[in-house]
Amino acid sequence: MRTLITLLTLSVGVVPLVAAPARADTVVGGPGLGGHGYIWDRSSGVSAPPHIQASSYVIADLETGRILAAKDPHGHFRPASTLKTLTSITLIPRLDPAKQVKPSQTAVNASGSAVGMDTKWKYTVRDLFHGLLMQSGNDTAIALCEANGGLGPSLDQMNAEAHRIQALDTVARTPNGLDDDPPLTLAQQHSSAYDLALIMKQGLTLPDFRKYVGATLYDWPAPPDKKEREKGKKTGGYQIGTHDHLLVGDGYRGMIGGKNGWTSHALGSFVGAATRNGHTIIIALMHAQSDFWGDARSLLNWGFAERAKAQPVGTLVDPIPPPQPKKTAATVDKRPRTVRVSPADGPDWSRLGAAGGGGAVLLVIVVGVTIGLRRRRRRAALAGAAPPLPPVGGHVRTIGPDPAPPPGAGSETPVPGDTDGTEPVPRLRHPGDVKVAGAPLSSDGQDPSARQTAPNPVQLPHDAWADGEETVHDGPRAEEDPAVRDAERTLRDDEWAAERTVLDGGWAVEEAERTLRDDERTVGDAERTVRDGTATARDAATGGGEPGLRARGPFEPVDGSAGEPSPAMSDESPEAGSRDDEAAR
């Protein structure tokens, strides 16, 4: 019963190792952020925060993590290209900036804003991140995912990273934020102003992220055009510029950088940060009008002016810390045991608890009950066991030095058959001449060629013990009843069987998880195949549209000239979205 109670206690301790899902009534960052209107501490004596057309925004102090003011901070909206900040913080730590990538045709043909790539050209990861965060290249987002092992694994990692930093309002179905290719509903892909601020906070901890979002011009590589080849140049290219209006022209003083986005469904969105007098303010806004740059300035100005006086209405939470290694108490077991090595490092108890839930606890309870019953059976066996048998015929042979000869025995032991008027004394063997299972038995006067094999000593019946048959015993327990040893062996076997049962349960759970992930990827591949087929059918149906309209690649010049990039249909341009709608009609 003590073992059962101990196992029950341990089973209760397994469950807290599994991260509990967020409760529906829990507001990340504090309960004050649960409102949908303008939120600030009116008692602090600060001016009211800016009233702007954006449906949602957040103003936060980076150093303290305090949210100074907000408007519907946890409201779900389409992120558009601001989702590329999540792509960046996920892939920057995973990819070598100097790694060269040859994009696929799928990446090159990405719709919306594109920096322009060629399938026959190689680009560094550094190039692709500049194109992603400066030019908002939808093509570079796909190419980066291909460099990371594929679109599916990269999206899985993006959603896992969002969960790690506690951006729980965010669900990513594309790496570039597009919501019309493939068509995605708000329920399928969304984020919040609070989450965008969390993502920017995490990005500012990465030096490369700061460099990419703060760049204003970058030399984009490209294959040489005809004139460049005539001049002997092997590499062409052109300059790309940032879409962040607060970095160029009449820029905002102290601007670190940011990322903006636009689609006809998401409208305008932006997340950015600026530093003044040693203090950094993060802002994020969503579902805004097309020209939101003035509103972004107003949010930054209010944050710097009121940061010292405004009382916080919430906080930007920290990422979930990595799991700590489990501390195991050292146990002392005087009984020798066989060393057993389990595969890898044994089952992952946290994953076993997460996948099995109450099933893991039930499994531990069953193992405890089994061991308790086995020990009770052992005590019963010990209580009813017969006392050790006395030595028959002189002694019972054990491992170790020769015992002292019986009283009256001389230095030489007579062999069987000697007639000296006394009972023959059994012959003692040399300590090295010990009978083991499978060794030939002496014929005791018979023809030496007549041999028989000794049975396994563990299986000897009591009459064989009574006949003084020599065997190998477990050290000082040579005269213990075989029933006791059998009971102990049964107990050890049961304990090992219980351990194997727990291990097998953990492996079964892991296998089920792997199968589930494979099935999800298969479903995702099927969905993408259907979408590709639909897009192909749509392109074929609209191929004979208005005169002058035809399909072209993102790098193909409009006027037929070579070496110049086409005017990209940027997802940050509302006019681009309207032209796409007119062309579709």
Side-chain angles (χ1 to χ4, degrees), residues 21-22 24 28 36 55-56 72-91 106-107 109-113 132 136 138-139 141-142 144-146 148 150-196 198-199 259-271 284-288 516-538 571-572 577 580-581 584:
V28 179
H36 299 287
S55 298
S56 174
D72 194 9
H74 282 291
H76 288 185
F77 299 95
R78 292 179 171 91
S81 284
T82 54
L83 190 64
K84 291 169 183 171
T85 56
L86 176 60
T87 306
S88 300
I89 68 170
T90 302
L91 300 185
T106 300
N109 290 342
S111 60
S113 61
L132 179 75
S136 195
N138 296 329
D139 48 357
I142 298 177
L144 284 167
C145 289
E146 293 173 347
N148 187 53
L151 188 61
S154 298
L155 288 173
D156 291 342
Q157 293 169 2
M158 288 172 59
N159 287 296
E161 177 68 7
H163 187 272
R164 186 187 74 85
I165 65 175
Q166 302 198 60
L168 305 184
D169 297 325
T170 299
V171 175
R173 293 290 297 275
T174 66
N176 45 36
L178 288 178
D179 48 31
D180 57 358
D181 186 19
L184 295 174
T185 65
L186 176 61
Q188 292 173 316
Q189 180 167 272
H190 51 78
S191 187
S192 68
Y194 180 87
D195 281 11
L196 291 181
L198 276 183
I199 295 170
K259 185 72 194 75
N260 56 312
W262 169 275
T263 68
S264 57
H265 297 295
L267 302 183
S269 58
F270 177 74
V271 59
L285 59 87
M286 302 187 75
H287 202 252
L516 178 59
R517 287 196 297 271
D518 293 341
D519 292 342
E520 290 176 347
R521 293 194 184 98
T522 301
V523 172
D525 293 340
E527 290 178 349
R528 284 191 289 274
T529 301
V530 172
R531 289 197 298 268
D532 292 343
T534 303
T536 302
R538 184 173 62 246
D571 63 338
E572 280 71 39
D580 289 343
D581 295 339

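The figures that follow rest on heavy atoms only: side chains count, while hydrogens, waters and symmetry mates do not.
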Derivation of the side chain to side chain contact (heavy atoms under 4.5 Å, CB included) call for Ile199 and Ile89: CA-CA 8 Å; Ile199 295 170; Ile89 68 170; 3.8 Å; yes
Asp169 vs His74 side-chain heavy atoms within contact, under 4.5 Å: yes
Steps toward side chain to side chain contact (heavy atoms under 4.5 Å, CB included) verdict (Thr263, Asp180): CA-CA 9 Å; Thr263 68; Asp180 57 358; 5.9 Å; no
Over all atoms of both residues, closest heavy-atom pair of Ala288 and Leu267: O-CB, 3.2 Å
Rounded distance (nearest 0.5 Å) linking atom OG of Ser113 with atom CG of Asn138: 4.0 Å
Side-chain donor/acceptor of Gln189 to backbone N/O of Ala80, under 3.5 Å: no
From CA spacing to verdict: side chain to side chain contact (heavy atoms under 4.5 Å, CB included), Thr85, Lys259: CA-CA 7 Å; Thr85 56; Lys259 185 72 194 75; 3.6 Å; yes
Closest contact, heavy atoms only, Ser192 versus Pro73: CB-O, 3.4 Å
Separation between OG1 of Thr106 and CD of Glu146, rounded to the nearest 0.5 Å: 6.5 Å
Polar contact flag, side-chain donor to acceptor under 3.5 angstrom, Ser56-Asp72: no
Heavy-atom side-chain contact between Leu196 and Met286 under 4.5 Å: yes
Residue pair Gln188, Val171: steps toward the side chain to side chain contact (heavy atoms under 4.5 Å, CB included) verdict: CA-CA 7 Å; Gln188 292 173 316; Val171 175; over 6 Å; no
Contact check, side chains of Leu132 and Leu144, non-hydrogen atoms, under 4.5 Å: yes
Atom pair CG (Leu198) and CG (Leu168), whose distance is rounded to the nearest 0.5 Å: 9.0 Å
Non-neighbouring partners of Glu161 that pass salt bridge (charged side-chain N to carboxylate O under 4.0 Å, His left out), sequence neighbours left out: Arg164
Side-chain heavy atoms of Phe77 within contact of Ser55, under 4.5 Å: yes
Residues in side chain to side chain contact (heavy atoms under 4.5 Å, CB included) contact with Ala172, at least two apart in sequence or another chain: Leu83, Leu86, Met158, Asn159
From OG1 (Thr185) to CZ (Arg173), nearest 0.5 Å: 8.5 Å
Pro79 backbone acceptor or donor facing Thr82 side chain under 3.5 Å: yes
Check: Asp195/Gln166 side-chain N/O donor and acceptor closer than 3.5 Å: no
Side chain to side chain donor-acceptor pair (under 3.5 Å) involving Ser191 - partner list, sequence neighbours excluded: Thr170
Donor-acceptor side-chain pairing of Asp179 and His265 below 3.5 angstrom: no
Euclidean distance, Ser81 OG relative to Asn260 CG, rounded to 0.5 Å: 7.5 Å
Gap separating the OG1 atom of Thr174 from the CG atom of Leu155, nearest 0.5 angstrom: 7.5 Å
Any Ser154 side-chain heavy atom under 4.5 Å of Thr90 side chain: no
Aromatic ring pairing His76/His190, orientation class (parallel under 30°, perpendicular over 60°, tilted between): parallel
Between Ser136 and Lys84, a side-chain donor and acceptor under 3.5 Å: yes
